[in-house]
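Just so it is clear, the model here is predicted, and its values are computed rather than measured.
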Amino acid sequence: MRDGSWIGQDRSDGTATKLGQHGKPGAVELKEGRGGLPTVALKHPDGSSAEVTLFGGCVTSWKTSGGTEILYIRPDAVFDKSKPISGGIPHCFPQFGPGPIQLHGFARNLDWELVGASGDGKPQVQLQLTDSDKTRSMWPHAFKAVYTVTLEGDQLLTELQVHNTCKQAFEFTASLHSYFGVEDIETTAVQGLKGLEYLDRVADAKHPTLHKELRELVTLSGPVDAVYRGAKRPVRLDNGKGTVTLTSTNWPDVVVWTPWTAMQACYKEFVCVENAQFGSVELAPGESWTAKTAFGFAEDPLEKFCGENPEDPQCIVYDN
């Protein structure tokens, strides 16, 4: 329904009713998003905001209270369900990377169900994906995935729960494939990875080479596809305007990815720094797995000062 006629009305799946039961006007609202996709908009009292599409359960926008967009949507992204959304925070589940089923799994390419929302101080939405004939044709297991997205001030909080609802054990891998906008990829740096072993997947993702990270600041000067194992510390990204921080629980790995000139039109504008479960998790019948991430952002003090005082001598760039 691309005309938005369902907004504020009940749809056949009860989405509007579920939102109305839990939501709060202005804090959690269902709207028509890009391409007409049903989208839940979260708005915190301090002015920060986020948007989550039901298709793919994808966070497509996260803005700070000052209006700064932290995430990135690639210019080749489409919003017609013909393929996963290229940008924001897509899901990789039940497979991260290449493997026996479609690249990065099917969760980013299916409609999630809205099962709960709250607008009381911390705007929150809860989505759910369960097995179907389509998923079982690719991955023959019964499951329930529950994804909760919360705005807490200038923090974006995510929680992914995977439940085994079948009679046999199954294994899966997963990731939150987060895209972050940067001022210039060549001046971007990632901190918090020093001393970790990483798998370099640039040459061959199926047969990566093992290395140890010796740099305090990981800078980017060519294509990177690296999986850092056992990343327990917070990871920080200097995006040119400030620092994005990823603080995770039970996401054991971090992926850094830039396609470099393979995406000539946009590679300078983004980098992916992702929480991941690279190794397989085995869940017995009835068992669950939960992973959380707190995304934060702190603006560069000079950037903020110059935004408010552009004529100050410290902020004027002189040509040679």
- So do Ser61 and Glu69 actually touch side chain to side chain, heavy atoms under 4.5 Å? yes
- Do side-chain atoms of His163 reach the backbone of Thr165 as a donor and acceptor pair under 3.5 angstrom? no
- Is the Phe278 to Tyr198 ring centre distance short of 6.0 Å? no
- Step by step, would you call Lys31 with Glu51 a salt bridge (charged side-chain N to carboxylate O under 4.0 Å, His left out)? CA-CA 10 Å; Lys31 70 172 192 175; Glu51 294 185 357; 2.5 Å; yes
- Report the C-alpha distance between Glu197 and Lys212 in whole Å, list the side-chain angles of each, state the deciding distance to 0.1 Å, and finish with yes or no for salt bridge (charged side-chain N to carboxylate O under 4.0 Å, His left out). CA-CA 4 Å; Glu197 290 188 338; Lys212 186 172 182 178; over 6 Å; no
- Message: Main chain of Gly97, side chain of Gln95: is a donor-acceptor contact present, judged purely on distance under 3.5 Å?
- Response: yes
- Task: Answer whether the closest heavy-atom distance between the side chains of Leu127 and Leu54 falls below 4.5 Å.
- Result: yes
- Task: State whether the side chain of Glu152 and the backbone N or O of Asp154 hold a donor-acceptor pair below 3.5 Å, judged by distance alone.
- Result: no
- Item | N/O donor-acceptor pair under 3.5 Å between Thr53 side chain and Gly57 backbone | no
- Can you check side-chain contact (heavy atoms from CB on, under 4.5 Å) on Leu151 and Gln124, steps first, answer last? CA-CA 6 Å; Leu151 276 178; Gln124 181 181 95; over 6 Å; no
- Query: Which residue, Ile89, Leu156, Val40, Leu157, forms the side chain to side chain contact (heavy atoms under 4.5 Å, CB included) with Val149?
  - Reply: Leu156
- Message: Checking Asn275 against Thr293: is there a side-chain donor and acceptor pair closer than 3.5 Å?
- Response: yes
- Pairwise distance OG1(Thr258) to CG(Asp225) - rounded to 0.5 angstrom: 10.0 Å
- Do Arg136 and Asp131 sit within salt-bridge range, that is, some charged N less than 4.0 Å from a carboxylate O? yes
- Task: Taking the side chain as every heavy atom from C-beta outward, state whether Phe143 and Thr135 have any atom pair closer than 4.5 Å.
- Result: yes
- Query: Side-chain heavy atoms under 4.5 angstrom apart, residues restricted to Ile, Leu, Val, Met, Phe, Trp, Tyr: same cluster for Phe295 and Trp257?
  - Reply: no
- Item | Exam field: side chain Ser178 to backbone Val273, donor-acceptor pair closer than 3.5 Å | yes
- Side chains of Phe172 and Val162: closer than 4.5 Å at any heavy-atom pair? yes
- Shortest non-hydrogen contact between Cys272 and Glu274, atoms and distance: CB-OE2, 3.5 Å
- His91 ring center near His177 ring center (under 6.0 Å): no
- Taking Asn164 for its side chain and Gln168 for its backbone only, find out whether a donor-acceptor pair lies under 3.5 Å. yes
- Identify the heavy atoms of Ala169 and Ala284 that sit nearest to each other, and give their distance. CB-CA, 4.1 Å
- Item | Derivation of the side-chain contact (heavy atoms from CB on, under 4.5 Å) call for Glu171 and Val281 | CA-CA 5 Å; Glu171 295 184 355; Val281 173; over 6 Å; no
- Would you name the heavy atoms of Ala276 and Val255 that are closest together and state the gap between them? CB-CG2, 3.8 Å
- So how far is it from Arg233 CZ to Leu246 CG, rounded to the nearest 0.5 Å? 14.0 Å
- At their closest point, which heavy atom of Thr219 faces which heavy atom of Ala189, and how far apart are they? CG2-CB, 4.2 Å
- Query: What's the verdict on ring-ring contact (aromatic ring centres under 6.0 Å, His included) for Phe55 and Trp112, showing C-alpha distance, side-chain angles and the deciding distance?
  - Reply: CA-CA 6 Å; Phe55 175 69; Trp112 291 57; over 10 Å; no
- Query: When the aromatic ring centroids of Tyr72 and Tyr179 are compared, is their separation below 6.0 Å?
  - Reply: no
- Message: Aromatic contact between Phe180 and Phe270, with the criterion being ring centroids under 6.0 Å apart: yes or no?
- Response: no
- Item | Asp76 and Arg74 ion-paired at < 4.0 Å | yes
- Message: Run Gln126 and Thr148 through side chain to side chain donor-acceptor pair (under 3.5 Å) and show every step you take.
- Response: CA-CA 4 Å; Gln126 190 172 75; Thr148 305; 3.1 Å; yes
- Message: Do Val218 and Val202 sit in one hydrophobic cluster, given that two such residues count as connected whenever their side-chain heavy atoms are within less than 4.5 Å of each other, even indirectly?
- Response: no
- Side chain proximity check, Phe170 to Leu283, heavy atoms < 4.5 angstrom: yes
- Task: Could you give me the CA-CA distance, side-chain angles and deciding distance for Val254 and Leu193, then say whether side-chain contact (heavy atoms from CB on, under 4.5 Å) is met?
- Result: CA-CA 9 Å; Val254 168; Leu193 303 172; 4.2 Å; yes
- Would you tell me whether Glu213 and Tyr228 have side-chain atoms, one donor and one acceptor, within less than 3.5 Å of each other? yes
- Note on the structure: Scanning both residues in full, the closest heavy-atom pair of Gly121 with Pro123 reads O-CD, 3.6 Å
- Task: Using modelled atom types only, decide if a donor and an acceptor are shared between the side chain of Asp111 and the backbone of Glu113 within a distance under 3.5 Å.
- Result: no
- Would you confirm whether Thr187, through its side chain, and Glu183, through its main-chain N or O, come within 3.5 Å as a donor-acceptor pair? no
- Taking all non-hydrogen atoms of both residues, which atom of Phe96 and which atom of Thr173 are closest, and how far apart? N-OG1, 2.8 Å
- Message: Do Ile85 and Leu37 make a side-chain contact, defined as non-hydrogen atoms from C-beta onward lying under 4.5 Å apart?
- Response: yes
- Task: May I ask you to test the Pro90-Pro84 pair for a side-chain heavy-atom distance under 4.5 Å?
- Result: no
- Message: Quick one, Met138 and Gln102 - any side-chain contact, counting heavy atoms below 4.5 Å?
- Response: yes
- Using a strict 4.0 Å threshold on nitrogen-to-oxygen distance, state whether Lys43 and Glu29 make a salt bridge. no
- Assess whether side-chain contact (heavy atoms from CB on, under 4.5 Å) is satisfied between Phe106 and Lys134, documenting all intermediate values. CA-CA 9 Å; Phe106 49 67; Lys134 184 173 184 178; over 6 Å; no
